[in-house]
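By convention in this document, chain letters (A, B, ...) are assigned in the order of the sequence lines, proteins followed by strands, and residues within each chain are numbered from 1.
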Amino acid sequence: MGYPHPAHPRETPVISRYFGDAEARTLAGWQKRGGYEVLRQALATDPVDVQNVVKDSGLRGRGGAGFPTGVKWSFMKPDGKTHYLTINGDESEPGTFKDREIMRWTPHQLVEGAAIAAHAIYAETAYIYIRGEYTEPIHRVREAVKEAYAAGILGANAMGSGKRVDVHVHKGAGAYICGEETALMNSLEGRRGNPRIKPPFPAVAGLFAQPTTINNVETVSAAQHVLRHGADWYKSLSSPANPKSTGTKLFSVCGNVAKPGNYEVGMGFPMKEFLWDLCGGPPAGRRFKAIIPGGSSVPILTPEECEGAVMDYEGIQAAGSLLGSGGVICFDDSQDMVRQIARLARFYAHESCAQCSQCREGTAWTTRILERIRDGQGTMQDLDTLLEIADNMSGKTICVLSDSCATPVVSGLKKFRHEFEAKIPKNRSSVMIPGFSPAAA
Amino acid sequence: MSLHAMAPDGHDAHTAHVPVFTGARRAELDELLTRYPTKMAALLPALWMLQEDRGWVSPEGMAEVAAVLDLTPAYVKGVVSFYTMYHQHPVGRHFVQVCTTTPCNVCGAEDVVHAFLRETKCGELGVTSPDGRFTVIEVECLGACGFATPVMINDALVECVSVDSVKDLVAGLD
């Protein structure tokens with residue numbers, strides 16, 4: 001992509017091709033670029049055939065979980081029930097800002113993708129749930145929807161197909177947890193955004209208790225390119241070394257890096273070249289100390305671990321982390337990792353929906369301990385306690401927010417333990433709670 | 001998008017509640033209700049309308065929303081308190097949210113917060129300035145991490161704010 005930096009020749013701009021191109025935001029501009037022709041074709045195609053093309057392409061969910069999109073779509077059968085499509089635009093993972101750019105620059109790309117996906121799952125209604133903080137993206141997508149209705153692209157007889165396709169924009173109100181699919185459904189229904197216990201899975205009983213598919217903004221945006229150019233074309237964009245991760249991925253890069261921004265590359269791109277050649281490496285005169293490759297909830301990597309890694313689902317996993325949402329956070333050697341990990345834990349403590357005690361108590365307790373260590377008031381025992389709490393937080397709650405807090409803490413402690421220990425005063429074995437006197441107790 | 005004040009009225013906690021859902025707003029709500037199979041699903045959008053018109057979500061406002069959507073005020077309050085973007089108290093005319101989550105923090109966001117507190121004379125996070133113009137808070141991830149430090153002033157996002165640019169930014173607000 002070329003925005004906000006000039007495009008690098010090694011990028012593969014598919015979804016991001018028109019970022020920075022203001023004309024592409026309008027209906028006329030989008031149509032001039034071939035927009036809505038794929039929707040026209042899709043509406044004339046049997047949903048099962050649409051599902052099969054996407055299945056063949058190997059496209060996987062870009063929101064973080066990486067579930068095969070075509071397979072997810074194929075869970076929806078023509079059973080006579082009302083089906084819903086929900087597009088997850090509640091991008092709130094620290095380090096991730098790719099969906100924001102899709103919605104800001106190419107809102108029609110999203111609307112077209114949503115309409116195609118709705119058709120593929122036998123749904124007449126799609127809701128695009130966008131986080132409340134994204135005022136400009138919300139405005140752009142709403143404008144695009146309005147234009148599409150006025151042009152007869154959406155509505156009771158979408159593009160003259162005789163089929164109804166409605167797309168509505170729903171604005172969130174500030175809750176990271178609503179990016180979790182079942183919490184998102186609760187929020188959309190006018191409830192607190194508490195995740196639901198699964199089963200039932202959304203494909204069985206989701207939004208308004210009806211069969212529902214939830215796709216990320218980037219996923220449906222990619223799906224239309226798959227349908228336009230074919231499954232083989234999509235597979236040709238990525239490294240042939242790993243057929244499990246196909247096509248392109250939009251990575252957000254931020255933190256201590258020379259050229260932060262969004263970069264779209266073929267899956268399997270070497271991480272070292274990505275960080276140095278495309279993103280310009282660390283700021284001048286500094287060295288990378290740590291990289292979080294997939295949004296803040298995945299294990300932290302050292303620069304050495306990134307050396308031979310490739311950027312796809314399996315490649316980053318082999319390096320010891322996860323692809324997640326594709327938000328790459330860089331830390332240079334000026335950073336105090338204890339301070340930054342404590343700040344990250346505070347984010348999760350703030351955003352816990354408080355439904356599960358392991359998460360509600362665990363994220364807050366973890367934060368308190370980390371901030372104590374940060375302030376030079378920790379003990380060596382605290383380090384063991386952090387690991388114990390993390391163990392109790394992982395895999396024991398309704399959703400994975402609790403795990404998301406524990407993961408960077410555990411990996412940070414493992415890889416930067418010396419920084420934690422350096423902040424702990426020698427011979428300190430207990431913590432004095434201000435205002436508490438053991439004698440008075 | 002231009003920076004503008006949050007709402008023309010309703011910043012006084014003691015102002016009697018003037019109904020929101022009348023005339024054009026009522027028609028807007030009625031149209032909105034056609035998009036969902038349940039009335040309750042219009043709760044978040046209705047609360048947004050209330051906040052846009054009155055500047056905050058007051059108890060009287062919540063009661064009105066509850067009445068138009070056939071919900072109880074207690075239920076509405078329960079939902080409102082879950083989300084961070086609804087103001088349950090009046091805020092300054094310029095509501096400033098500075099992102100200090102890790103990706104921005106490594107780029108110096110904490111210093112930007114201090115600069116805002118100094119320039120707006122708020123002194124403390126969450127406290128409205130004596131002249132009623134500003135309220136500054138820290139916010140958890142504005143989703144613009146590549147443009148650190150992003151700052152949201154009412155409904156406008158300002159990217160790449162530095163300590164040096166805060167003074168001019170504040171001076172440019174009425």
Keeping the roles fixed (side chain from A:Tyr176, backbone from B:Cys141), state whether a donor-acceptor pair exists under 3.5 Å. no
Measure the OG1-OH distance between A:Thr125 and B:Tyr36 for me, rounded to the nearest 0.5 Å. 11.0 Å
Residue selection (most heavy-atom pairs with chain A, distance under 4.5 Å) from B:Ala148, B:Ser81, B:Cys99, B:Gly78: B:Gly78
Engaged part of A:Cys178 at the chain B interface, taking heavy atoms whose separation is under 4.5 Å: side chain
So for A:Ser92, is it side chain, backbone, both, or neither that comes closer than 4.5 Å to the heavy atoms of chain B? backbone
Heavy-atom distances under 4.5 Å only: say whether A:Gln210 touches chain B with side chain, backbone, both or neither. neither
Evaluate the criterion side chain to side chain contact (heavy atoms under 4.5 Å, CB included) for residue pair A:Asp166 and B:Arg35; output intermediate values, then yes/no. CA-CA 9 Å; A:Asp166 283 316; B:Arg35 301 180 189 178; over 6 Å; no
Given that the side chain runs from C-beta out, which part of A:Arg339 has a heavy atom under 4.5 Å from chain B: side chain, backbone, both or neither? side chain
So what's closer than 4.5 Å to chain B heavy atoms on A:Ile177: side chain, backbone, both or neither? side chain
Pairs of heavy atoms under 4.5 Å with chain A: top-ranked of B:Leu43, B:Asn105, B:Thr38: B:Asn105
Could you check which of A:Ser187, A:Ala175, A:Ala354 has the highest count of heavy-atom pairs closer than 4.5 Å to chain B? A:Ser187
Any donor-acceptor pair under 3.5 Å from A:Thr135 side chain to B:Asp155 backbone: yes
Does atom CD of B:Glu31 have more than 12 heavy-atom neighbours, drawn from other residues, nucleotides or ligands, at distances under 6.0 Å? yes
Got more than 12 heavy atoms from elsewhere within 6.0 Å of CZ, A:Arg287? no
Considering only heavy atoms, which portion of A:Asn194 lies under 4.5 Å from any heavy atom of chain B: side chain, backbone, both, or neither? both
Under the 3.5 angstrom rule, does the side chain of B:Trp48 hit a backbone N or O of A:Gly132 as a donor-acceptor pair? no
Main-chain N/O of B:Gly143 paired to A:Glu91 side chain as donor or acceptor, under 3.5 Å: no
Is it true that a side-chain atom of B:Thr84 and a backbone atom of A:Gly174 form a donor plus acceptor pair closer than 3.5 Å? yes
Given heavy-atom pairs under 4.5 angstrom as the criterion, report whether the side chain, backbone, both or neither of A:Arg100 touches chain B. side chain
Is chain B contacted by the side chain of A:Leu188, its backbone, both, or neither, given a heavy-atom distance below 4.5 Å? both
Let me see the working for A:Arg131 and B:Glu140 under salt bridge (Lys or Arg N to Asp or Glu O under 4.0 Å), right down to the final yes or no. CA-CA 13 Å; A:Arg131 67 182 304 203; B:Glu140 293 296 349; over 6 Å; no
Name the region of A:Phe208, side chain, backbone, both or neither, that has any atom closer than 4.5 Å to a heavy atom of chain B. side chain
